[in-house]
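Indexing begins at 1, ligand by ligand and atom by atom, following the structure's order. Everything quoted here is computed from the prediction, not taken from an experiment.
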Amino acid sequence: MNALQHLTRQQDLSAIWAAIDEQGGVIIDDFLDPALLQRLREDCLPAIAEHKPGAATGHDFWKDFHGSATKRITGLAQLSPAWGELLCDPIYKGMADQYLGENNYYLNTGQLICIGPGETPQLLHRDELNWPQAAQPDHEITITAIFALTDFTEENGATVIAPGSHRWPGALPEVRADQTCRAVMKAGSALLYSGKVIHGGGPNDSQDQWRVGLHAGFVSGWLRSEENHQLTTSLEAARLLPEHAQRMLGFRSFVPPKAARLGMVNYEDAGALL
Ligand SMILES: O=C(O)CCC(=O)C(=O)O
């Protein structure tokens, strides 16, 4: 059936991982408690008004991928203490531990994706194809959540996803419309999904609604993240974050058990800077 399961935070973690394993994604209703949702909105939404839609740099392909009526805002750790708190959420962290291995990953990007009226459907894709040489059928290198900061509806751009496509062979196979569904969810809910599942931002056919998602995934620690967190997070802002959030943003070095340390400062752990 082309619909994602809806679960809640009260479910056993094993049920959440089972749903991701089976369908490639799951919706957790009311993931954020109302007070945290409100703080995230207060911290982040004012930045949207100042931001222009569309991409100013890059090839036409990437301008199209970005979306000409879509605003993308990064560097959220500088804007939002609530985001630092969400980074430490036990289910969100648990998802990354489960799929990428404990302490084996960093934040890939934590960005507001604000899909505006008139936006067309985004190219369907698998996130792991950001790192095509590293993507392997038998393990994940990236795992993501999109937290709905506004309601996600069919009309305003809810994410399009093809349940089960994380197991389809081929880099980017054809996807028929009847193989997809929309991640319709209330503000405060979250879509958790595999780096292998085929998905994309939905079209926004509304006259006046902005669909705002906090799109925030993790990537294996030995791969380069999409977002350059350390250029948008000052040392002062980083010092105020919880230790795990500092680590996720690269203010700790990567210390894999059987390889060299990466991301060092003066050949010491980057945490010494803080
Ligand atoms: O905004 C969405 O719903 C999905 C966006 C996405 O998949 C992306 O930009 O990589």
Once you restrict both partners to nitrogen or oxygen, which atoms of ligand 1 have a protein partner under 3.5 Å, and how far apart are they?
| from | atom 1 | to | atom 2 | distance (Å) |
| --- | --- | --- | --- | --- |
| ligand 1 | 1 (O) | Arg211 | NH1 | 3.3 |
| ligand 1 | 1 (O) | Arg211 | NH2 | 2.9 |
| ligand 1 | 3 (O) | Thr159 | OG1 | 2.6 |
| ligand 1 | 3 (O) | Arg211 | NH1 | 2.7 |
| ligand 1 | 7 (O) | His125 | NE2 | 3.1 |
| ligand 1 | 7 (O) | His199 | NE2 | 2.9 |
| ligand 1 | 9 (O) | Arg72 | NH1 | 3.1 |
| ligand 1 | 9 (O) | Arg72 | NH2 | 2.8 |
| ligand 1 | 9 (O) | Gln122 | NE2 | 3.0 |
| ligand 1 | 10 (O) | His125 | NE2 | 3.1 |

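Between Arg211 and Glu119, none of the side-chain N atoms (NZ, or NE/NH1/NH2) sits under 4.0 Å from a carboxylate O, so this pair counts as no salt bridge.
At least one donor-acceptor pair closer than 3.5 Å links the side chain of Lys71 to the backbone N or O of Ile48. A donor-acceptor pair under 3.5 Å is absent between the side-chain atoms of Asn156 and the main chain of Ser206, judged by distance alone.
Between Tyr92 and Phe218, a ring centre-to-centre spacing shorter than 6.0 Å is recorded. The aromatic ring centres of Tyr106 and His229 sit 6.0 Å or more apart.
Residue pairs that meet the side chain to side chain donor-acceptor pair (under 3.5 Å) test with at least one member in residues 239-248, sequence neighbours left out, are Glu243-Arg247, Glu243-Arg252, Gln246-Arg252.
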